[in-house]
Structures are given as structure tokens and as C-alpha cells.
Amino acid sequence: MTLTERYLNAVAAQLPKDEREDIIAELAEEIAARRESREDEPGRALTEDEEEALLREIGHPLTVAARYGKGPHHVVGPELFPWWMFGVKAGLIVMAAIVALGAVVRVVVGDVEVGRAIGQGFHSLFNGAIMLVGFATIAGFIFERQKDRPAFMREWRVKDLGVFEFGGGLDADRVSRGLQQGDWSGAKAFGVTSKSSPVVRGLASAIGVGVVLLWWIGWLPLTHTTPETFGAIIGDVDYGRILRELHTLLYWPVIAVLLVRIAFDLTRAAYPEGVRFTAMGDIGFGLAEAALGVWLWTASPLSPVIYEPTVADVVDRVRNMFGAGWWSVADIVMLIVLFGFISAVFRVLQAIGRLITGKA
């Protein structure tokens, strides 16, 4: 078998069967014409090296076959690439937050040392990023080969564009500059502030609550920590037992509340003009959080550790904490529950104001 025959066979293997014969015949004629032109100059047949050089000029079989192929010759084209980039960027931001949360929690509870937690975090992020980019690329490959572009690319609305503020400080140019030059200045992952649009705030909240939900039910593969692993015996108090009991008692109520919260956040992102709707939701969730604080303080398995019957007793306990210069875990937990309750009450009052005025 000659080099040209091997070349043509390699090209033919990449072509559709119904067009293979015609294309190979056309290509064989082109090669023959070039061969004759080359052989006329020296007046002899081409050597094997000269024949190979001729075939290289025509192109690699994969490249030549692609010229005759139908459909796009790219995985993700220029029109779809910005959407692909945005999806990957948002996914990586969320994934980095999950990994960071898991690493911090594992260090705090003494599960691993700081260096090991960081190393495992990078390992998890790297593996997760590969999976994310792979899935996004597969989705882009499928979308690219559809007859019509997806509806989200054709029927977008201007009032929904706030979603693209998410991760706006981490654009493709900044990423390229960071990877090439190590300059990550100005790169901000989330960029979600009080000035961000309701769409961005709603989506950011939904993502954050979704992460908490996955962690709560133990479906968060990027961390080795679940709610029950926080506990330890400190100061003759078995916090592990307390947290296990809390997790058991609150398991389904928390799942229900978090699912409702995600639905609420997605709804307010879809209808950002609904100020009163958002206010009503904030009132409901604020009251639920305040009720949780009351239950933790008075009737939960944590109550014996943090409960104080009167405001005066709470003030005395806080004064003793500052006077001793040392805070026990029980004191810290008490303050967290107390400030959580106060914060929930203030959010309810603010939401009532927005409900009355209709202004954000």
C-alpha cells in the first residue's frame, strides 16, 4: 500500500459513508494532479520522502476530512462561548465557596491541620472544576448542534439581565491575566452588595441557601464535615450529643424552610419589582428565625447550656465574661443565639416598613 493510499484511507475513515466515495475520488484527483506537476520538474517519480511532503502540504487527514464535514467544526462556538464562560465562572465561584467552608469547618473542629485542609481543599476544587468544565462543555456541544438556539439565548428580557452581575469582577480577561502574569488585582468573585440588583441578590441567596441545604442533609461531596461532626466534649459538656439531638429534631423542619427559602429567592429574582412580596417573605423567614432562637434558648437540648431566665442574668453573665477575660464555648454559643434572635427581630421590623411603604 502506497503512502497516498494510506493517506486516503485515513481521510475516508473520518467521512460520512454516503459521501465518502465521491470525496475520496475528488481528493485523489487533486493529489494526482499535484504529483504530476511535481514529477514533471525532475522528470522522475517522486521519492517516498517527496510524496510524504506533498501529502503534508495538502493537510492532515483529520483537518482535510473536517473541510468536507457538515455542521460546526468547534465544540463551543463564538456565540455560545460567553454563555459557557459565565456558567463555568458562576459554578467555580460556588464550588470555591463550598471548599473554603469545608476547610474552615474542619480546621475549627480539629478534624485536620491547616496545611492538610488547604491541600485537600485544592485537590477537591481541582477535581470539581474538571467535572464542572466537562459537563459545561458537553452541554455546549449539544446546544451548538441544535437546529435552533435555546430559548434563553433568543428570548431574553432586559429586566432579567441583573443575573449577569454575578461574578462580574472575574471576567475572562482578568482570569487570563491572572494565569499568565499572576496579576489578580481587581478580581472579585461575587461582587454582591446592597447596591446589586434584586436579581443578583436573589440568586446569590438561593445559591448560598442551596449550599447550606446540601451540607445539612450530607450531600455536599466537597467537604468531609456534616452538622453532626461539629461536636466535642468541652468543659464537661458533650456538644457532640447536643448537636446530634438538634440535627435529629430539626432535620425535616430545616429542610422544609430551606426549600421554601430557595423557592422564594428564585421567585424574587424572577420578579425583582415585587418589593412587597420580598418584604412579606423576609417577615416570614425573620419570624421563623426568631422562633428558632426562642426554642434554642428555652426548650432545646442546647437550652441547659445557654439559658438565662432574665435580662439581668444575661447582663451579669456577659459582664463576668468580660471581667474574666476568658469566654467559654457555652458563653460564645449563648451570644450567637442571642444576637441571632435580635438580628431576626430587626429584619422583621425593616421588612414591615418596606411592606407598608412599598419601597426597597
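The first residue of the sequence shown is numbered 1, and numbering continues consecutively from there.
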### Query
Quick one: is the NZ or CZ of Arg145 closer than 6.0 Å to the six-membered ring centre of Phe143, and within 45° of its axis?
no
### Task
Evaluate side-chain hydrogen bond (donor to acceptor under 3.5 Å, both in side chains) for Ser124 paired with Asn127, printing each intermediate quantity in order.
CA-CA 5 Å; Ser124 297; Asn127 290 338; over 6 Å; no
#### Entry: Phe341 vs Val337 side-chain heavy atoms within contact, under 4.5 Å
no
### Message
Does atom CE (Met321) have a neighbourhood of more than 12 heavy atoms from anything else shown, all under 6.0 Å?
### Response
yes
### Query
His247 and ring-ring contact (aromatic ring centres under 6.0 Å, His included): which partner among Trp216, Tyr239, Trp252?
Trp216
### ring pair (Phe, Tyr, Trp, His ring centres under 6.0 Å) partners for Phe135, two or more places apart
none
### Message
Under a 3.5 Å cutoff, is there a donor and acceptor pairing between the side chains of Arg347 and Ser343?
### Response
yes
### Query
Atom CD of Gln14 and atom CG of Leu62: how far apart are they, to the nearest 0.5 Å?
5.0 Å
### Message
Do Leu292 and Val257 make a side-chain contact, defined as non-hydrogen atoms from C-beta onward lying under 4.5 Å apart?
### Response
no
#### Entry: Side chains of Val237 and Val329 in contact at under 4.5 Å (non-hydrogen atoms)
no
### Summary
dist Ile142:CD1 -> Ile138:CD1 (nearest 0.5 Å) comes out at 7.0 Å
### Query
Centre of Phe285's six-membered ring, under 6.0 Å away, within 45 degrees of the axis: is that where NZ or CZ of Arg261 sits?
yes
